[in-house]
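First comes the structure, then the notes that go with it.
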2 protein chains.
Amino acid sequence: MSKTTSPSKPQTRIQKRNIMIILDAALEVFSTYGFRGTTLDQIARQAGLSKPNVLYYFDGKEAIHLALLSQLLETWLDPLRAIDPQGDPKTELMRYIRHKLQMSRDFPRESRLFANEIVQGAPRMQAFLQGDLRDLVDEKAAVIQAWMKDGKLTQLDPFHLIFSIWALTQHYADFEAQIRLVRGSNITQPHDGSEDFLDQVFQKLLTP
Amino acid sequence: MSKTTSPSKPQTRIQKRNIMIILDAALEVFSTYGFRGTTLDQIARQAGLSKPNVLYYFDGKEAIHLALLSQLLETWLDPLRAIDPQGDPKTELMRYIRHKLQMSRDFPRESRLFANEIVQGAPRMQAFLQGDLRDLVDEKAAVIQAWMKDGKLTQLDPFHLIFSIWALTQHYADFEAQIRLVRGSNITQPHDGSEDFLDQVFQKLLTP
DNA sequence: GTCTATAGACGGATAGAC
DNA sequence: GTCTATCCGTCTATAGAC
C-alpha cells in the first residue's frame, strides 16, 4: 500500500510535506479552473514536481480533488454548528455572519472550489449536501425559528435567511474577479468595507 | 464567407434555426460544465446534430461560447440601466431587485454561464466588466448615493448595496443545486419564497 | 522516490463523399 | 448542408531506468 487517496495513513515527514504541497497546488488550480479545466501538468508545475511524482502520491486527478473536497467539508460546517441555541439570538447570528465572512476572506480558494462544484450541479457533493449539511441546516433553522417566535428577531423565513448569509458572504470570494474589475483602483481588496456593510445590514434586518 | 462567428449576417430560415438550436444546446452544456468541461460532442448531441455540422455554423468551440456571452452581456445590463434617477428611490430599487430575481428564475442557465466565467477569474469578460459594467455601476451608485444623502433611503455603501443585490438574486440560480439538495422535498422550486423574502429584507433595509 | 519516455484515450477540427 | 472517416494535439496514467 504505497499510494494514498486521503492523507491519513502513516507517513514520513517527506511524504506528509509533499502531500501538503500537492494539495495546496491543486487547490490553487482546481479553484481557478474547475475540475475538468485543470490538468495534472498544471498541478505538477504549481507544486514544483513532475507529473509522475504527483501520481506517486495520489491515485489520480480524481483522488486529489476528492481529498481537497473532503478536507474542506470537514470544516465547512463548523461556523454553522457553532450557533448556540442558548446564546443571545442576535449575537449568535452576527457572530456566524462575521465568521463566514472571515472564511471567505481568509480562504477564498476553498470557497471557489466549493462554488465551482455547486454551479456545475454538485456532482461530487450530493451526499454531503442532502446529508450532513441538510440535517444541520434543518436543526439551526428550527433554532432561529424559535428565536423569532419569541420576538427576539425579525420574523423571516429561516431557510432563506441562512441562504442569504451564504450568498452575501461567499459572494466576496466567489465573485472576487467581478468586484475587483468593477471597482478597479477604487479599492485595494475586494473585501474592503464588506464587514461594516454586512454588520449594518444584518443589525438592521434582524432587529424586530 | 460561409462560416459565422456571430449570428448577425444574412441567413436563410434554416440557418437561423440551426444557429438558434446550437446556441440553445451550447447554453445548456456550457452553463452546466463550464467552458473546458464542455465538449463539442456534448453540444452536438444536445442539438441533435453531428459534430462537423455544428462546426459548419460556428468557427469552433470558442466562437460558440463567445456568441453566447456577447448575446448575454447585451441584455445583462438592462435592469440596472432601467433605474430612473427621477423615480421614487425605494420603488426604483425594489423594481430592480424584482427584475434581477425574475431573470435569475427565468434564465438560470444564463446566470450560471456568467457565474462559471466569474468564478474562474472572468478570463473572457474583463473588457466588459471594467468597461461598460463599471461605468454603469459607477453611474447608478452615484444616483443611489444622492438618494441616500436626501434621506430617502438608509445610508449604506451604494457599491456594496449593488453587490448584495447581485449576490442575493443570482444565488438562487447559481447555487440552485445546493438549495435543492439542502431543502429536499420541502420545496418544489429553489425559488420558492424568494420573492417574498427579498421583498421583506430590502423593504426593511432601505427604509431609513 | 523521482525521473524520462510513452502508451492509450479523448477532444477539436478538417477532408471529402454525397 | 450534412455526413463518415480521420488527423493531430492534449491529457491521464503507466512502464521502467536510476
Side-chain angles (χ1 to χ4, degrees), chain A residues 1-5 7 9-30 32-69 116 120 123-124, chain B residues 1-5 7 9-30 32-69 116 120 123-124:
Chain A
M1 187 200 287
S2 65
K3 296 212 180 180
T4 314
T5 299
K9 305 292 176 206
Q11 291 149 8
T12 68
R13 278 182 300 285
I14 294 255
Q15 284 172 331
K16 269 188 187 137
R17 188 179 135 72
N18 276 339
I19 284 172
M20 292 298 291
I21 288 177
I22 292 168
L23 286 177
D24 186 76
L27 176 58
E28 186 71 30
V29 187
F30 277 132
T32 308
Y33 299 101
F35 181 73
R36 295 205 54 188
T38 293
T39 69
L40 281 174
D41 274 309
Q42 286 176 293
I43 296 175
R45 201 178 321 125
Q46 178 80 24
L49 299 170
S50 71
K51 191 162 50 169
N53 202 4
V54 167
L55 289 170
Y56 171 79
Y57 287 103
F58 288 90
D59 279 340
K61 182 178 166 180
E62 187 87 42
I64 303 176
H65 192 256
L66 186 68
L68 279 176
L69 269 190
N116 260 303
Q120 306 197 358
R124 288 165 261 264
Chain B
M1 189 197 289
S2 65
K3 297 211 179 178
T4 314
T5 300
K9 305 292 175 205
Q11 291 149 9
T12 68
R13 277 181 301 284
I14 293 254
Q15 283 173 330
K16 269 188 187 136
R17 188 179 134 72
N18 276 339
I19 284 173
M20 291 298 291
I21 288 177
I22 292 169
L23 285 177
D24 187 76
L27 175 58
E28 185 71 29
V29 186
F30 278 132
T32 309
Y33 300 101
F35 180 73
R36 295 206 52 187
T38 294
T39 69
L40 282 175
D41 275 308
Q42 284 177 292
I43 296 175
R45 201 178 320 126
Q46 177 79 25
L49 299 170
S50 70
K51 191 161 54 168
N53 203 3
V54 168
L55 290 170
Y56 171 79
Y57 288 103
F58 288 90
D59 279 341
K61 183 179 166 179
E62 188 86 40
I64 303 176
H65 193 256
L66 186 66
L68 280 175
L69 270 190
N116 260 302
Q120 305 197 358
R124 286 166 264 263

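By convention in this document, chain letters (A, B, ...) are assigned in the order of the sequence lines, proteins followed by strands, and residues within each chain are numbered from 1.
Distance, B:F58 CZ to D:dT2 P: 13 Å, rounded to whole Å. One can place CD1 of B:I22 at 11 Å from C1' of D:dG1, the figure rounded to the nearest angstrom. Atom OH of A:Y33 is separated from atom P of D:dT12 by 14 Å (rounded to the nearest Å). Between the CG atom of B:L49 and the P atom of C:dG12 there is a distance of 16 Å, given to the nearest Å. Across the protein-nucleic acid pair, A:Q42 atom CD and D:dT10 atom C1' stand 12 Å apart, rounded to whole Å. We find that CZ of B:R17 is positioned 11 Å from P of D:dT2, with the value rounded to whole Å. Residue A:Y56 contributes atom OH, which lies 18 Å from atom P of D:dG16 at whole-angstrom precision. Atom CD in B:Q15 sits about 9 Å away from atom P in D:dT2, given to the nearest Å.
Taken from OG1 in B:T38 to CD in B:E28, the straight-line distance is 10.5 Å, to the nearest 0.5 Å. We find the NE2-CG distance between B:H65 and B:L27 to be 9.5 Å, quoted to the nearest 0.5 Å. The NZ atom of A:K61 sits 11.0 Å away from atom NZ of A:K51, with the distance rounded to the nearest 0.5 Å. Note that CG of A:L40 and CG of A:L49 are 12.0 Å apart. Values are rounded to the nearest 0.5 Å.
Counted within 6.0 Å of CZ on A:F35, heavy atoms from surrounding residues, nucleotides or ligands total more than 12; the atom is thus considered enclosed.
Candidate nucleotides C:dA5, D:dC11, C:dT2 were compared by shortest atom distance to the side chain of B:R36, and D:dC11 ranks first. The side chain of A:S50 lies closest to C:dT4, out of C:dT4, D:dG1, C:dG11. Distance from the side chain of A:L40 is smallest for D:dA13 among the nucleotides C:dG11, D:dA5, D:dA13. Closest to the side chain of A:D41, from the set D:dT12, C:dG1, D:dT2, is D:dT12. Candidate nucleotides C:dG12, C:dT2, D:dA13 were compared by shortest atom distance to the side chain of B:K51, and C:dG12 ranks first. For B:T39, the side-chain atoms get nearest to C:dG11 when compared with the rest of C:dG11, D:dA5, C:dT2. Across D:dT2, C:dA15, C:dT2, the shortest atom-to-atom separation from the side chain of A:Y57 is found for C:dT2. In this structure, the nucleotide among D:dA13, C:dT14, C:dG1 sitting nearest to the side chain of B:L55 is C:dT14.
Residue B:K61 places no side-chain atom within donor-acceptor reach of the base of C:dG11, judged by atom type and a 3.5 Å distance cut-off alone.
Residue B:N53 places at least one side-chain N or O under 4.0 Å from the OP1 or OP2 atom of D:dC3.
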